[in-house]
Amino acid sequence: MIIKQLSDIDEKKKIIRFVLEALPDWFAVEESREEYINDSADRSTFVAYDGDKPAGFLCLKETGKETVELAVMGVLKEYHRKGIGRKLFDMAKTFAVEKGYEFMQVKTVKMGMYDDYDATNRFYQALGFKEFEVFPMLWDEANPCQIYVMGLK
């Protein structure tokens with residue numbers, strides 16, 4: 001597995017579309033999925049490749065002078081639990097530290113709402129993220145937003 005940082009906007013969008021469309025349990029809402037794809041153009045994007053095939057990606061978004069957000073991440077289901085998400089995260093975290101960011105945050109659906117998102121929460125916790133705050137209505141009542149944070153230094 002090779003992890004690369006991408007700069008080509010069209011390549012980013014193509015890969016992110018490929019991965020997100022293959023993950024309907026997390027990215028079924030077309031409007032949100034299209035927003036992730038379009039927003040990727042301006043974001044630092046890392047892609048995991050199995051040979052020539054993209055297996056997953058991660059995008060970072062600056063949210064403040066000292067804070068970066070893990071804005072969106074996806075790993076194809078056949079590659080889950082094989083360390084790819086962690087490798088993507090490790091490369092993104094190294095990049096964030098080198099750029100001088102102090103904190104990283106990530107938003108997901110609050111634990112206890114859906115099994116798939118519970119697995120996502122456990123993944124972020126295993127990476128070292130800590131619960132920060134829940135915004136019950138940031139997205140909607142059925143999807144309370146859990147924010148996790150991590151110090152980078």
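What's counted below: heavy atoms across the whole structure, side chains too, no hydrogens, waters or symmetry copies.
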(message) Looking at W26, is its backbone amide N or carbonyl O close enough to the side chain of Y117 to form a donor-acceptor pair, meaning the two atoms are under 3.5 Å apart?
(response) yes

(request) Quick one: closest heavy-atom pair of K13 and A41, and the distance? (result) CE-CB, 4.1 Å

(request) Heavy atoms only: give me the nearest G56-L88 pair and the separation to one decimal. (result) C-CD1, 3.8 Å

(message) If you compare all heavy atoms of T45 against all heavy atoms of S40, which two are closest, and at what distance to 0.1 Å?
(response) OG1-O, 3.9 Å

(message) Between F123 and F89, is the ring centroid distance below 6.0 Å?
(response) no

(message) Does this structure show an ion pair linking K53 with E78, if we count only N-O contacts that are shorter than 4.0 Å?
(response) yes

(message) Taking side chain to side chain donor-acceptor pair (under 3.5 Å) as the criterion, tell me which of Q105, K130, Q125 meets it with Y148.
(response) Q125

(request) Using the rule that two of Ile, Leu, Val, Met, Phe, Trp, Tyr join whenever any of their side-chain heavy atoms come within less than 4.5 Å, decide whether V97 and F103 are in one cluster. (result) no

(request) Of all the heavy-atom pairs spanning M1 and A55, show the shortest one and how long it is. (result) SD-CB, 4.1 Å

(message) Quick check on the hydrophobic clustering: are M91 and L60 connected, directly or via other members, by side-chain heavy-atom contacts under 4.5 Å?
(response) yes

(request) Verify the cluster assignment for M113 and V29: are they in a single hydrophobic cluster under the rule of side-chain heavy atoms below 4.5 Å apart? (result) no

(message) Applying a strict under-4.5 Å side-chain criterion to I, L, V, M, F, W and Y, I'd like to know whether I15 and I9 cluster together.
(response) no

(message) Quick check: closest heavy atoms across A71 and R43, and the distance to 0.1 Å?
(response) CB-NH1, 3.8 Å

(request) For P54 and L76, work out which heavy atoms get closest and say how close. (result) O-CD1, 3.3 Å

(request) Tell me yes or no: between the side chains of D118 and N121, is some donor less than 3.5 Å from an acceptor? (result) no

